[in-house]
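No hydrogens, no waters, no symmetry mates; every other heavy atom, side chains included, goes into these values.
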Amino acid sequence: MANTTSASRDIAATIHPYTNLKLHESEGPIVITEGDGVFVRGEDGKMYLEGLAGLWCVSLGFSERRLAEAAYRQMLKLPFYHTFAHKATDINIELSEKLLSIAPVPMSKVFFVNSGSEANDTVVKLVWYYNNALGRPRKKKIISRSKAYHGVTVASASLTGLPNNHRDFDLPIHNILHVDCPHFYRFGLPGESEEAFSSRMADSLEKRILSEDPETVAAMIAEPIMGAGGVILPPATYWEKIQAVLRKYDILLIADEVICGFCRTGEMWGTTTYAMKPDMITCAKGLSSGYLPIGAVMVSEAIYQALVKQSAKIGMFSHGFTYSGHPASSAVALETLKIYESDGILAHVRRVAPRLQAGLRRFADHPLVGEVRGIGLIGAVELVADKATKASFDPAEGVGPFLVKRGHHHGVILRAMGDAIAFCPPLIIKEAEIDLLLERFALALNDTLAMVRERGLVDSGMVPVLAK
Ligand SMILES: Cc1ncc(COP(=O)(O)O)c(C=O)c1O
């Protein structure tokens, strides 16, 4: 146990998200007390390089004073005001204008929420309200994808395509469909090209829409790059072909930019990286560099007009959160967007990303590595039991989680999505810090190889390779 006092108090008092609660009672937490740049410090003084920017969010690192000061200034001036019933705040108006000015495609209005889940929950309701406004009460189904991650509230968890988010939570809800995960390495057929795979994905989507009845299918929601499902990049021509199918059947596209947005891919948005033309965009995380909770939904003019029409008919647009557009969160988000520009974060990402991507690809020959993938400052290394057959380890062996734990030992925090290890460091990371991240990962990877050999999970002839 990391520290008896704090750890035992934590075990006694807290339910942890995304944690094996039983295991937590014996393992306890790593208690983090401070942050500095791309590092966080445990209460025992140990410094960890945060390889996942917290939860894919702390893009400006853990010690950006300008964000703390923006929050402080705003809290002294106006700590709370809401945006219900014709009220607004000056700071939130400024943020709305700023977001619309940098939107990847023309967007008409912004609706504020507190998280990615709330943003995606909101779009589900907007899609339904929109089609009711247009007099299409049957057009309500929303397509998501297997392995998608869109959050954990009742509707957004239903959009999420990961079995554990549904299992025993009695989800998904009605009217949510899941189609193929476009992971070429896993689901491409022998001899199939990426382009042919994308055509097969689009054909399969079209068949599903036809079998459901296109008059009942309202929207598709998608992350430009699938994040928590394993950092799965769209195969070549995927978005072009998928969007052609959606257009054919008058189906809205919703881009979930919660991870991809704000410079992560080496573009301002995932949408621009893949020439997507969404009707709605959700974002959170990098919007405030994770310093305060805030998310947003941007909608096209056509959608906005439908909302206006329906709210006039009903007498109210009855949706909103107490903290929609919270002034302190708005101030921090606005400052974050200003820093992305003033500090040239996009140019910085483009400069350092090749170091991370090339560094990760050097692990491709490692005996445990099946696939290395990524773009910009996001990537994943997928561990396999057999490189030739791509066979995965039995999840019960916990190979990915073992690597993460060894990473902690070596001073790096990473995240395992099954046996895919995700990399998503703060965008401000320097080249020397990328090298350190890779070095520490290499140590954890080789410890993992030693463990799987010891347990007889792989051919014992495999030799550890210390990639540098
Ligand atoms: C793509 C995507 N959408 C939505 C969410 C949910 O966001 P939150 O955890 O802020 O509710 C996440 C969180 O990881 C995400 O990665």
Side-chain angles (χ1 to χ4, degrees), residues 35 37-38 53-54 56-74 77 89-112 116 119 224-225 255-276 278 281-298 325-356 375-378 424-431 433-434:
V38 300
W56 328 76
C57 56
V58 184
S59 40
L60 296 176
F62 292 87
S63 48
E64 180 47 78
R65 293 191 68 86
R66 287 171 287 179
L67 297 183
E69 282 159 6
Y72 184 61
R73 274 196 310 273
Q74 183 61 43
K77 188 170 167 240
T89 62
D90 50 355
I91 191 76
N92 187 249
I93 294 168
E94 210 184 321
L95 176 62
S96 303
E97 288 174 346
K98 183 74 196 162
L99 256 181
L100 291 174
S101 77
I102 61 167
V105 293
M107 284 284 152
S108 174
K109 303 285 181 291
V110 193
F111 181 85
F112 287 97
I225 296 169
D256 179 341
E257 291 272 9
V258 169
I259 286 181
C260 294
F262 310 110
C263 316
R264 178 56 63 189
T265 63
E267 296 285 335
M268 192 49 146
W269 302 92
T271 298
T272 26
T273 317
Y274 298 109
M276 295 167 72
I281 294 170
T282 57
C283 60
K285 298 194 190 275
L287 173 57
S288 62
S289 185
Y291 277 47
L292 281 180
I294 186 166
V297 180
M298 290 189 268
H326 190 284
S329 302
S330 296
V332 169
L334 188 61
E335 187 66 20
T336 302
L337 299 183
K338 285 182 180 165
I339 293 174
Y340 289 152
E341 281 177 9
S342 65
D343 288 15
I345 296 297
L346 189 55
H348 172 77
V349 170
R350 289 179 181 164
R351 208 161 38 242
V352 303
R355 187 93 168 195
L356 178 68
I375 184 172
L377 284 179
I378 184 166
C424 186
L427 301 178
I428 56 157
I429 194 167
K430 299 188 186 84
E431 290 197 324
E433 292 164 338
I434 290 177

query = Where do Lys285 and Arg264 land on the side chain to side chain contact (heavy atoms under 4.5 Å, CB included) test, with the steps shown first?
reply = CA-CA 11 Å; Lys285 298 194 190 275; Arg264 178 56 63 189; over 6 Å; no
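- Using a distance-only test at 3.5 Å, with no hydrogens or angles considered, a donor-acceptor pair links the side chain of Tyr291 to the main chain of Glu64.
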Report all side-chain donor-acceptor pairs from residues 95-107 shorter than 3.5 Å, counting only partners two or more places apart or in another chain.
{"residue": "Ser96", "atom": "OG", "partner": "Asn92", "partner atom": "O", "Å": "2.9"}
{"residue": "Lys98", "atom": "NZ", "partner": "Glu341", "partner atom": "OE1", "Å": "3.1"}
{"residue": "Lys98", "atom": "NZ", "partner": "Glu341", "partner atom": "OE2", "Å": "2.9"}
{"residue": "Ser101", "atom": "OG", "partner": "Lys98", "partner atom": "O", "Å": "2.7"}

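- To the nearest 0.5 Å, the span separating CD on Glu433 from CG on Leu356 amounts to 12.5 Å.
- The two residues Leu427 and Cys263 have their closest heavy-atom pair at CD1-CB, 3.8 Å.
- Distance alone, capped at 3.5 Å, places no donor-acceptor pair between the Asp343 side chain and the Ile345 backbone.
- From Ile428, atom CD1 reaches atom CG of Leu60 across 7.0 Å, with rounding to the nearest 0.5 Å.
- Of the possible donor and acceptor atoms, one in the side chain of Ser63 sits under 3.5 Å from a partner among the backbone N and O of Gly37.
- Nearest heavy atoms, Ile281 versus Glu257: CG2-CG, 3.7 Å.
- Between the NE2 atom of His326 and the OG atom of Ser288 there is a distance of 12.5 Å, given to the nearest 0.5 Å.
- Thr265 and Tyr274 are not linked by any side-chain donor-acceptor pair at a separation below 3.5 angstrom, with hydrogens and angles left out of the test.
- Residues Val332 and Ile294 have side chains not in contact (no heavy-atom distance under 4.5 Å, counting atoms from C-beta outward).
- Between Gly116 and Ala284 the shortest heavy-atom distance is N-CB, 3.6 Å.
- Of the possible donor and acceptor atoms, one in the side chain of Ser330 sits under 3.5 Å from a partner among the backbone N and O of Gly325.
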query = What do the steps show when you test Ile225 against Ile259 for side chain to side chain contact (heavy atoms under 4.5 Å, CB included), and what is the final call?
reply = CA-CA 8 Å; Ile225 296 169; Ile259 286 181; over 6 Å; no
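- When all heavy atoms of Ala255 and Thr271 are compared, the closest pair comes out as CB-OG1, 3.7 Å.
- Summarising the geometry of Pro426 relative to Ala53, their closest heavy-atom pair is N-CB, 3.6 Å, with the distance given to 0.1 Å.
- Heavy atoms only, all atoms of each residue included: Arg350 and Gly266 are closest at NE-O, 2.7 Å.
- Remark: Thr272 OG1 to Glu267 CD distance equals 5.0 Å, nearest 0.5 Å.
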ask   = Taking it one step at a time, do Ser329 and Phe112 satisfy side chain to side chain contact (heavy atoms under 4.5 Å, CB included)?
value = CA-CA 10 Å; Ser329 302; Phe112 287 97; over 6 Å; no
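- The distance from the CZ atom of Arg66 to the OG atom of Ser342 is 5.0 Å, given to the nearest 0.5 Å.
- A search for side chain to side chain contact (heavy atoms under 4.5 Å, CB included) contacts involving Glu431 returns Val352, Arg355, not counting sequence neighbours.
- By the ring-ring contact (aromatic ring centres under 6.0 Å, His included) test, Trp269 pairs with Phe262, sequence neighbours left out.
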task = Step by step, work out the side chain to side chain contact (heavy atoms under 4.5 Å, CB included) result for Thr282 and Val258.
result = CA-CA 6 Å; Thr282 57; Val258 169; 4.3 Å; yes
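- From Leu337, atom CG reaches atom OG of Ser289 across 10.5 Å, with rounding to the nearest 0.5 Å.
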